[in-house]
Amino acid sequence: MTKFREMNLMNVVLIALALIQLYIMSVLDFPSESSYVSMMFSADHSLPRIPFFIIFYYSVNFLLIFCGVFFAVKGFRADLSQFLLSVLILLSIVNFFHAFVPVHNAIRPVVKSDGFFLEAINSLYVSVKPYNTFPSWHAAAATLCAIIYFKLKLNRFILVLIWSILIFLSPIFLKMAYVADVLAGAAAAFLSYYLASKVATVKIKTETVQEIVKSFTLESLIQSVAIGIRDEVTISSLIDNLTRIEKNLTEDDIQELLTLGSEMNPPIKSLKDEINLLINSIKVENQINKAKEMYGNNNKEYLPSDKEIRTASETLIDEACRAFDNPKFRYTLLKIKDRNREKINTSSIEQAAKDRSEDIVFKFKSFIDSHKKDLTAIKIISSNKNGHQSISFDDIKEVSRELRKPPYEITPDEIWNAFYRLDNNNVKPLKEEKNPANIISLTQFAIGKIDKLVPFSDKVDREFDKWIMENEKNGRVFNEIETEWLVMMKNYISTFLEINMLSFNSPPFITKGGAAKAYNIFGPDLNRILFELNEKLI
């Protein structure tokens with residue numbers, strides 16, 4: 001089973017749990033035996049009822065489904081999981097308050113007139129009891145969708161934002177909730193997204209430690225492979241365990257495995273042969289070659305699609321794991337392991353980590369070759385153009401998103417760490433602060449345009465120091481306040497690749513006075529400074 005299947009299984013579990021929470025929410029909509037908490041503001045009486053808002057009130061589930069389907073179709077599996085986890089956390093928060101902070105909605109008016117919208121509102125009032133509206137689920141769900149869309153910088157954000165705002169306002173203008181309810185719903189959405197993002201980004205920073213943690217017992221690994229869990233991490237950990245066993249085989253063990261292997265279809269001559277099969281099955285170049293063999297019709301120039309590579313990789317792994325479908329083979333391995341217990345061989349772990357680093361680098365180079373024409377950033381860096389002034393922040397974010405899709409499923413940080421493991425003499429360790437613009441340096445290093453791989457911000461720092469020295473030679477010495485602002489400009493450029501007057505409306509400038517303050521400090525010289533920083537630093 002591939003990572004794709006694992007992620008889908010996790011998403012199915014999250015959806016199931018979310019549906020359970022939705023059911024609990026409906027159960028909680030009943031009169032409370034406790035005294036009610038008052039959430040009413042004076043504005044709740046003065047705000048009018050606007051019937052057409054019922055369209056948006058009922059569309060909240062469609063918005064959630066739209067976001068989920070969009071992430072799934074676009075291949076944002078990690079983002080889909082984070083979105084579903086956010087929804088689950090949000091539902092849990094809403095249900096907690098519905099259960100322990102009872103609220104009674106006392107502002108519903110009587111529906112007296114006829115008409116389509118008014119009849120729909122009357123049906124809504126009948127079906128949804130006026131209890132436990134704090135916080136408002138509709139406002140919370142709409143806010144969460146807007147947050148996710150904004151954070152991922154996806155297309156049609158304005159459409160989703162307007163849709164979310166109308167849903168957010170619908171409980172107020174239908175008299176289904178108080179103003180306090182919708183405000184609390186928005187706060188719950190931000191909290192849910194924050195908690196989900198923290199859960200999604202928890203990881204072990206040191207690769208070697210990561211490998212030790214992933215070195216599960218042989219028993220659990222064999223059982224996992226037997227039932228179809230065959231992702232790269234499981235196979236790699238299985239290879240580590242089998243390698244340690246193979247190094248300590250006795251003559252009797254070798255003979256026993258040889259006798260057993262000769263009875264299998266296809267036959268297995270030795271445990272080492274089985275290990276090699278597993279190793280070859282997770283090598284990206286072998287998976288690509290297998291895809292060409294399966295779909296290329298003997299055309300050596302054929303370039304398989306992501307889906308074809310994924311299918312080919314599953315085929316290779318299933319073929320390599322065929323021996324583990326045999327219960328006798330599994331039992332024999334465990335029996336040999338019990339006879340020849342040993343301590344963890346850290347050198348084998350390091351070797352496995354090195355092999356994975358080679359795979360990551362190979363994936364990245366394959367990614368560059370495959371996207372030289374369709375990704376702007378890759379196209380510019382790979383061409384003969386000198387520099388990369390025309391690359392935008394959106395261009396490098398697009399590269400990062402595409403890297404996370406199958407069959408690559410890697411991040412710029414993983415690529416950087418892989419290069420460092422394989423060539424630490426020419427690769428500087430990555431700093432703690434994450435910078436999307438590092439993908440520029442990574443691409444240049446991968447295609448041989450630079451010999452040393454250093455964080456992109458280091459290059460900007462170096463060019464910035466040169467620019468400061470040039471100004472001092474020309475008699476322009478910056479004072480302490482000017483230098484502070486220049487450093488902020490330099491840091492902004494190292495992330496977003498350019499700076500202009502509109503940039504001063506963003507952090508950290510806006511908190512220090514924005515564009516007006518910048519012009520007050522530098523005066524007419526500001527335009528020259530912005531032009532030179534954009535030209536010299538990038």
Side-chain angles (χ1 to χ4, degrees), residues 4 7-26 50 52-95 117 120 124 127-128 135-174 176-177 182 185-197 199-200 306-307 394 397-398 400-402 404-406:
F4 179 78
M7 187 70 76
N8 277 350
L9 177 60
M10 182 176 69
N11 290 340
V12 169
V13 172
L14 290 174
I15 291 173
L17 293 174
L19 291 174
I20 292 172
Q21 290 285 7
L22 276 173
Y23 171 74
I24 294 174
M25 184 186 297
S26 66
I50 304 178
F52 80 86
F53 267 97
I54 196 168
I55 298 174
F56 306 107
Y57 185 88
Y58 276 122
S59 71
V60 63
N61 291 330
F62 292 103
L63 176 60
L64 289 168
I65 294 171
F66 170 80
C67 291
V69 171
F70 184 83
F71 297 149
V73 170
K74 291 295 184 180
F76 301 156
R77 298 203 310 277
D79 297 322
L80 174 60
S81 298
Q82 184 174 340
F83 171 69
L84 293 175
L85 182 59
S86 300
V87 172
L88 178 59
I89 294 174
L90 181 58
L91 283 166
S92 302
I93 293 174
V94 170
N95 283 342
F117 289 123
L124 177 64
S127 61
V128 180
S136 167
W137 161 244
H138 284 68
T143 303
L144 179 62
C145 290
I147 293 171
I148 294 279
Y149 243 75
F150 174 75
K151 289 291 184 180
L152 295 178
K153 300 184 183 300
L154 300 175
N155 295 330
R156 302 184 181 89
F157 170 67
I158 298 300
L159 172 65
V160 173
L161 177 62
I162 295 173
W163 189 2
S164 301
I165 291 174
L166 291 171
I167 294 175
F168 179 88
L169 296 174
S170 63
I172 298 176
F173 291 115
L174 292 176
M176 291 293 293
V182 298
F190 278 100
L191 177 60
S192 300
Y193 178 80
Y194 173 79
L195 294 175
S197 63
V199 172
D306 293 348
K307 182 179 179 180
D394 289 338
K397 292 293 286 185
E398 181 184 21
S400 296
R401 284 200 300 268
E402 292 298 320
R404 284 154 51 189
K405 296 180 182 180

Task: Residues Arg401 and Glu398 bridged, charged N to O under 4.0 Å - done: no
Determine the minimum heavy-atom distance between [X] and [Y], stating which atoms define it.
X      : Y      : value
Pro171 : Ile167 : CD-O, 3.1 Å
Phe168 : Ala142 : N-CB, 4.0 Å
Pro135 : Gly185 : CB-N, 3.4 Å

Output all residues satisfying side chain to side chain contact (heavy atoms under 4.5 Å, CB included) with [X], sequence neighbours left out; order by chain, then residue number.
X      : value
Ile24  : Ile20, Gln21, Leu28, Asn95
Ala120 : Ile54
Leu84  : Asn11, Leu14, Ile15, Leu80
Ser192 : Ile89, Leu90, Ile93

Can you tell me how far the [atom1] atom of [X] sits from the [atom2] atom of [Y], to the nearest 0.5 Å?
X      : Y      : atom1 : atom2 : value
Lys405 : Asp306 : NZ    : CG    : 9.0 Å
Ile50  : Ile172 : CD1   : CD1   : 10.5 Å
Leu144 : Leu191 : CG    : CG    : 11.0 Å
Ser164 : Ile148 : OG    : CD1   : 11.0 Å
Leu19  : Leu88  : CG    : CG    : 10.0 Å

Going by heavy atoms in the side chains, are [X] and [Y] under 4.5 Å from each other?
X      : Y      : answer
Phe117 : Ile55  : yes
Leu161 : Tyr149 : no
Phe83  : Cys145 : yes

Enumerate, atom names and distances included, each donor-acceptor pair closer than 3.5 Å involving a side-chain atom of residues 58-67, sequence neighbours excluded.
residue, atom, partner, partner atom, Å
Ser59, OG, Phe56, O, 2.8
Ser59, OG, Trp163, NE1, 3.0

- [ ] Please identify each residue that fulfils side-chain hydrogen bond (donor to acceptor under 3.5 Å, both in side chains) with Trp137, with sequence neighbours left out.
- [x] none
Task: With Ser400 via side-chain hydrogen bond (donor to acceptor under 3.5 Å, both in side chains) - residues at least two apart - done: none
Open item on the list: Please determine whether the number of non-hydrogen atoms from other residues, nucleotides or ligands lying under 6.0 Å from atom CZ of Phe52 exceeds 12.
Closed with: yes
